[in-house]
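One structure below.
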Amino acid sequence: MENELPDIYCPFPQRTNPHVAHVRKHLDTWTRNTGLVHRDSARERFEQADFGAFVGMVYPTADSENLDLVADWFVWLFLVDDQLDDGHLGRSPERVRDVVALMLAVVEGTRTGVLENEELPAAVVALIDLWQRTTPTAAVHWRRRFAWHLKKYLTTATTWEAGNRAAGVVPSEELYIEKRRHTGAIIVCMDLIEIVAGIEAPSSIHNDPRFITALEASCNHVCWANDVYSYEKEQVLGEIHNLVHLVRHHRGYGKQQALEHVCAELAVETERFLTAERELLEAYPQLAGTLEPYLDGMRSWMRGNLDWSRQTPRYNPADVSQYEQPEQYLESTVLGVSQD
């Protein structure tokens, strides 16, 4: 009998962005122009995932231009992630070292364009485009924070996760929870709330313990809900970096008990967020114009991620066989490294 997924507590309204139809067309063009998706089998899977709908759910208030931008970031992050998680590269840190160095050079500002006749991996070409469209008008402290989070994502996903896989190391729940916020690139996506909302949160807010709690709780909610919905797929792939899997491994729980445990912890994170949100707004009434859209962006992320996870074919337990041959949909040109 198929295990039932327990309810995940998320008391925020469902919303979507009015520009979803436009962003779907934009993504089709952008992924072709950058070379991120070009084979028919990869294109079919990409279209099925419907990232346009996803980005519309998690950034419901973005204008059309900003929705295009964050959608491109999404797709870039997802496609790089798939290369590392679903294929052999995620078990071989040394094979992706060079392409990661190229990406870090873009983020650090030492590489700003593509030289004539230069053959670069599609992910690097796309990142150069993203960086040029995202950072020029952003505040210096935002750009520094965003760059740090992006570098943390790249290095944690390609060294910590890959190292664990290669060595057969199963991380503790506590260490995994801390690293997951980086390997899932969710902090990168939360940073983009400031761009989308046209706000600039001062460093004093980012350093406030209540803001840190709200950010951590909302990030945990997104990451753990993703783990619940992607658990079946990741079991097929032999992926250990999943909270449900780790709960089963370390606590000896059965599958249903582990799912219920993680969903109960998700409810705890939601309450942590709500408490921190209330305390922040009470502490900084003069900054309500910045804090309210920021916190609203975190709520939209929790709600939208849940709604998309429930409907996307990416995590459909009835169709996990699609992941048994990742070479069918992974493009070697994305990272410029063959999966063979």
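Quick note: numbers below take in every heavy atom, side chains included, and nothing from hydrogens, waters or symmetry partners.
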Between [X] and [Y], does at least one N-O distance fall below 4.0 Å, as a salt bridge requires?
X: Arg133; Y: Asp129; result: yes
X: Glu239; Y: Lys233; result: no
X: Asp296; Y: Arg15; result: yes

Working for salt bridge (Lys or Arg N to Asp or Glu O under 4.0 Å), residues Glu265 and Arg272:
CA-CA 11 Å; Glu265 291 298 309; Arg272 278 181 73 216; over 6 Å; no
Given the rule that I, L, V, M, F, W and Y join up when any side-chain heavy atoms are under 4.5 Å apart, are Val55 and Val20 in one cluster?
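The answer is no; the residues belong to distinct hydrophobic clusters.
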Test Phe54 against every option in Tyr59, Phe74, Trp73 by the ring-ring contact (aromatic ring centres under 6.0 Å, His included) rule and name the one that passes.
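The passing option is Phe74.
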For Ile205 and Leu291, work out which heavy atoms get closest and say how close.
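That would be CG2-CD2, 3.9 Å.
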Can you confirm whether more than 12 heavy atoms, excluding those of Glu174, are under 6.0 Å from its CD atom?
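Open.
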Could you give the distance from CG (Leu67) to CG (Asn17), rounded to the nearest 0.5 Å?
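If we round to the nearest 0.5 Å, Leu67:CG and Asn17:CG are 4.5 Å apart.
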Please report the interatomic distance CZ(Arg43) to CG(Asp28), rounded to the nearest 0.5 Å.
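Rounded to the nearest 0.5 Å, the CZ-CG separation comes to 4.5 Å.
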State whether the side chain of Thr156 and the backbone N or O of Lys152 hold a donor-acceptor pair below 3.5 Å, judged by distance alone.
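Side chain of Thr156 to backbone of Lys152, a donor-acceptor pair under 3.5 Å: yes, one is there.
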Quick one: sort the Phe146 and Trp131 rings into parallel, tilted or perpendicular, breaks at 30° and 60°.
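Judged by the thresholds at 30° and 60°, the geometry between Phe146 and Trp131 is parallel.
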Evaluate Asp227 against His241 for side chain to side chain donor-acceptor pair (under 3.5 Å), listing each step before the verdict.
CA-CA 9 Å; Asp227 283 2; His241 297 100; over 6 Å; no
